[in-house]
Peer 1: 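Below is the structure I would like to discuss, written out as structure tokens.
Treat the numbers as computed from the prediction; the structure is a model and nothing was measured. Both backbone and side-chain heavy atoms feed into the values below; hydrogens, waters and symmetry mates do not.
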Amino acid sequence: MKRLGKIRMLIIVGVSILSIAAISAVALSVPIAVAQTARIMRGGHERGERRGGPGEGMRGGMFRGINLTDDQKAKMKQISESFRESTKALRQDLQTKREALHQANEGGTFDEASTTQKLTDLAPLEAKLMGEQFKMRQETLSVLTPEQKTQLEQKRAEFKAREGERRGRKGE
């Protein structure tokens, strides 16, 4: 009977490790721009500051320097609002589960089984949100003209170069 319990625990730990590895793999394979797009579409700024009213986030950050028409701005705003509404319950569920994970580890005692279970519950929700963010990014990109997409790619390449330089200086 004890051996069956050990096997069950090993299976749970193995599944948890695989889930975390899968999330990490997905996170590494999805471009940084997906997360940036989601933040910008929520109205966030590169330094975490809030900008003005609705739609301001689209002109800041990633879309700064790209002239969007009023129609494009309206479509992007609609995509952003639709994304926000469709993922509201998912984001709330994620927040609740993350808070439960933090609370479980605050007591000074570490319960590996409980933590593993909470992480296992969290993994599919995070993967689903990432999928929704990717879908939103694709919808946003479909609004842009080919010239605007080229400008965006140039901005992304410049950002990566600056980020590489910054990381290089940080390591020195």
Peer 1: Measure the spacing between NZ of K160 and CD of E163 and express it to the nearest 0.5 Å.
Peer 2: 11.0 Å
Peer 1: What closest approach, in Å, do L94 and L122 show between heavy atoms, and which atom pair accounts for it?
Peer 2: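 That would be CD2-CD1, 3.6 Å.
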Peer 1: Can you find a heavy atom in the side chain of M76 that is under 4.5 Å from one in the side chain of S80?
Peer 2: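 M76 does not reach S80 side chain to side chain.
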Peer 1: Might you work through the side-chain contact (heavy atoms from CB on, under 4.5 Å) test for D70 and K73, ending with a clear yes or no?
Peer 2: CA-CA 5 Å; D70 289 339; K73 292 174 189 174; 4.1 Å; yes
Peer 1: Just wondering, more than 12 heavy atoms not from K149 lying within 6.0 Å of its NZ?
Peer 2: yes
Peer 1: For the atom pair OG1 (T87) and CG (L125), what is the distance rounded to the nearest 0.5 Å?
Peer 2: 12.0 Å
Peer 1: Determine whether Q133 and F83 make a side-chain contact, defined as any pair of heavy atoms from C-beta on separated by less than 4.5 Å.
Peer 2: yes
Peer 1: Using modelled atom types only, decide if a donor and an acceptor are shared between the side chain of T69 and the backbone of Q72 within a distance under 3.5 Å.
Peer 2: yes
Peer 1: Name the residue from R91, E99, Q92 that meets the side-chain hydrogen bond (donor to acceptor under 3.5 Å, both in side chains) definition with Q95.
Peer 2: E99
Peer 1: Do you know the tightest heavy-atom contact between M136 and I79?
Peer 2: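 Answer, listing the atom of M136 first, then I79: CG-CG2, 3.7 Å.
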Peer 1: Let's go through Q148 and L68 carefully: what are the C-alpha distance in whole Å and the side-chain angles of both, what is the deciding distance for side-chain contact (heavy atoms from CB on, under 4.5 Å) to 0.1 Å, and is it a yes or a no?
Peer 2: CA-CA 8 Å; Q148 290 170 326; L68 300 174; 3.8 Å; yes
Peer 1: Do E81 and K77 have side chains that approach each other closer than 4.5 Å (heavy atoms only, starting at C-beta)?
Peer 2: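 Sidechains of K77 and E81: in contact.
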Peer 1: Could you tell me the separation between the CG atom of D93 and the NZ atom of K128, rounded to the nearest 0.5 Å?
Peer 2: 9.5 Å
Peer 1: Considering only heavy atoms from C-beta outward, does the side chain of K155 approach that of I66 to under 4.5 Å?
Peer 2: yes
Peer 1: Should E132 and K135 count as an ion pair when the cut-off is N to O under 4.0 Å?
Peer 2: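 Counted as a salt bridge, because a side-chain N and a carboxylate O are separated by less than 4.0 Å.
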Peer 1: Any side-chain heavy atom of I12 sitting closer than 4.5 Å to one from T120?
Peer 2: no
